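Computation of the quantities below employed the complete heavy-atom set of this structure, encompassing side-chain atoms and omitting hydrogens, waters and symmetry-equivalent molecules. The structure presented is a predicted model; accordingly, all values stated were derived computationally and were not measured.
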Amino acid sequence: MLHFSRWMLGVAALGAMASVGSVYAQSPDPNSAPQTYREDLGWAKLMNGRKWGAVSAVDIDRDGKSVWIFDRCETADDCSASNLDPVQKFDASGKMVFSFGKGLFNYPHGIYVDAEDNLWVSDGRVVKNNGKGHTVMKFSPQGKLLMTLGTPGVPGNDDKHFNAPSDILIAPNGDIFVADGHGGDTNARIVKFDKNGKFIKTWGKKGAGPGEFDAPHGFAMDKAGRLYVADRSNSRIQIFDQDGKFLTEWRQFGRPSGVFINKDDVIYVADSTSNDKLNAGYKQGIRIGSVKDGKVTAFIPWNETNTLEGVAADDAGNVYGGFTNTLNFRRFVKK
């Protein structure tokens, strides 16, 4: 989820992180923000008769206009036996220009493009004890494997294992943050490493209190260096400093699966699971606002249930959504 790591911050800026206020003036109707976007139908062009799989994650190249996606190989949840490349890059016209990764992943989940255009991805499951899964992997822009965190095929909750890692974020100084867990009996924590993959610390446990998680599903970072965690099953975004200090929580953006913050501190949040039972009053879709005041200023509603998970926006303000249960990828542009 991009993000701030592409714009260099000095030590002073990180040392002067202001607290995030939790008071904001917002309409009592969480779905009332203006609907100022339309779908750019057919923008992305797949090649050689390929069909979409579940697109769980989306991010933007450093050029500000090319888009990277992580796709589940024409299925909803399994790339383990596929000969398709799940990592794909699209240029500004929607043409697929590069892909890689066939045979490397079981369950594609999170993707992050760092300041050098390296690709970080998470593989969230084991399939038939095939020696893959429960890892975070770093690739060069050309698809060369550079680093693996976690023990392939082996779940756990120490410094050398993950259990269903959902997302990754790289801080401006190169520190690596992993959102480790996907609900159920998996983990519910944030794990921090230095730029070389050396373990630094972990925080969080299963629960609903401050600093606790239930499916930490996505990451973003603002210009002040604050870490935003999509705590999906708790229907909130939790905000921390980079040492894991809890700052506040936001619920006005719905039940977040994906979260993205651009270089102007505009926040985009994909809500794929709100309903009358799980998060009453909220409709599914993408909510857009500002981290400066927490207000929701635009809404892209989506009526297909349990589907819109990945979200990103390019420098021109076009919004990209990755769809899981309905197996699709879409672009939205301003009306």
Within residues 291-317 or reaching into it, pairs that qualify as ring pair (Phe, Tyr, Trp, His ring centres under 6.0 Å) - sequence neighbours excluded: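 Pairs touching residues 291-317 that pass the test: Trp302-Phe323, Trp302-Phe332.
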#### Entry: Check against side-chain hydrogen bond (donor to acceptor under 3.5 Å, both in side chains), Ser272 and Thr307
CA-CA 5 Å; Ser272 67; Thr307 184; over 6 Å; no
Suppose we screen for side-chain hydrogen bond (donor to acceptor under 3.5 Å, both in side chains). Which residues come up paired with [X], at least two apart in sequence or across chains?
X	result
Asp85	Ser99
Ser80	Asp78
Ser66	Asp63

Please tabulate, for side-chain N and O atoms in residues 197-211, each donor-acceptor pair with protein atoms closer than 3.5 Å (sequence neighbours left out).
from: Lys201; atom 1: NZ; to: Asp243; atom 2: O; distance (Å): 2.6
from: Thr202; atom 1: OG1; to: Ile190; atom 2: O; distance (Å): 2.9
from: Lys206; atom 1: NZ; to: Gly184; atom 2: O; distance (Å): 3.3

Any residue meeting side-chain contact (heavy atoms from CB on, under 4.5 Å) with [X], in chain and number order, not counting sequence neighbours:
X	answer
Ala316	Asp314, Asn318
Asn129	Val126
Ser290	Lys292, Asp293
Leu84	Arg50, Cys73, Glu74, Ser82

I'd like to know whether NZ of Lys45 has more than 12 heavy-atom contacts from other residues, nucleotides or ligands below 6.0 angstrom.
yes
For the residue pair [X] and [Y], what are the closest heavy atoms and their distance?
X	Y	answer
Asn173	Lys195	O-CD, 4.2 Å
Leu308	Ala270	O-CB, 3.6 Å
Tyr37	Val319	CE2-CG2, 3.6 Å
Arg236	Glu249	NH1-OE1, 2.8 Å

query: Parallel, tilted or perpendicular for Phe213 and Phe240, by the 30°/60° rule?
result: tilted
For the residue pair Phe260 and Tyr268, does the interplanar ring angle fall in the parallel (under 30°), tilted (30 to 60°) or perpendicular (over 60°) class?
perpendicular
Does any donor atom in the side chain of [X] or [Y] lie under 3.5 Å from an acceptor atom in the other side chain?
X	Y	result
Trp120	Asp114	yes
Asp222	Tyr228	yes
Asp271	Gln284	no
Ser274	Arg255	no

Next on the checklist: Checking the side chain of Asn325 only, and the main-chain atoms of Asn306 only, is there a donor and an acceptor separated by less than 3.5 Å?
Outcome noted: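 Yes, because the side chain of Asn325 sits within donor-acceptor range (under 3.5 Å) of the backbone of Asn306.
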Does any N or O in the side chain of Asp59 come within less than 3.5 Å of the main-chain N or O of Val113, such that one atom is a donor and the other an acceptor?
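It does hold such a pair.
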Side chain to side chain contact (heavy atoms under 4.5 Å, CB included) between Gln88 and Leu46, worked out: CA-CA 10 Å; Gln88 301 175 61; Leu46 290 173; 3.4 Å; yes
The single option from Val178, Val136, Asp175 that satisfies side chain to side chain contact (heavy atoms under 4.5 Å, CB included) with Phe193 is Val178
Given the options Lys132, His134, Arg72, Tyr107 meets side chain to side chain contact (heavy atoms under 4.5 Å, CB included) only with Arg72
Taken in chain and number order and not counting sequence neighbours, the residues that satisfy ring pair (Phe, Tyr, Trp, His ring centres under 6.0 Å) with His182 are His109, His217
**Q.** Tyr320: ring pair (Phe, Tyr, Trp, His ring centres under 6.0 Å) partners, not counting sequence neighbours
**A.**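 With sequence neighbours excluded, Tyr320 shows a ring pair (Phe, Tyr, Trp, His ring centres under 6.0 Å) to Trp43, given in chain and number order.
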The complete set of side chain to side chain donor-acceptor pair (under 3.5 Å) pairs with one or both residues in residues 143-156, sequence neighbours excluded, reads Thr151-His161
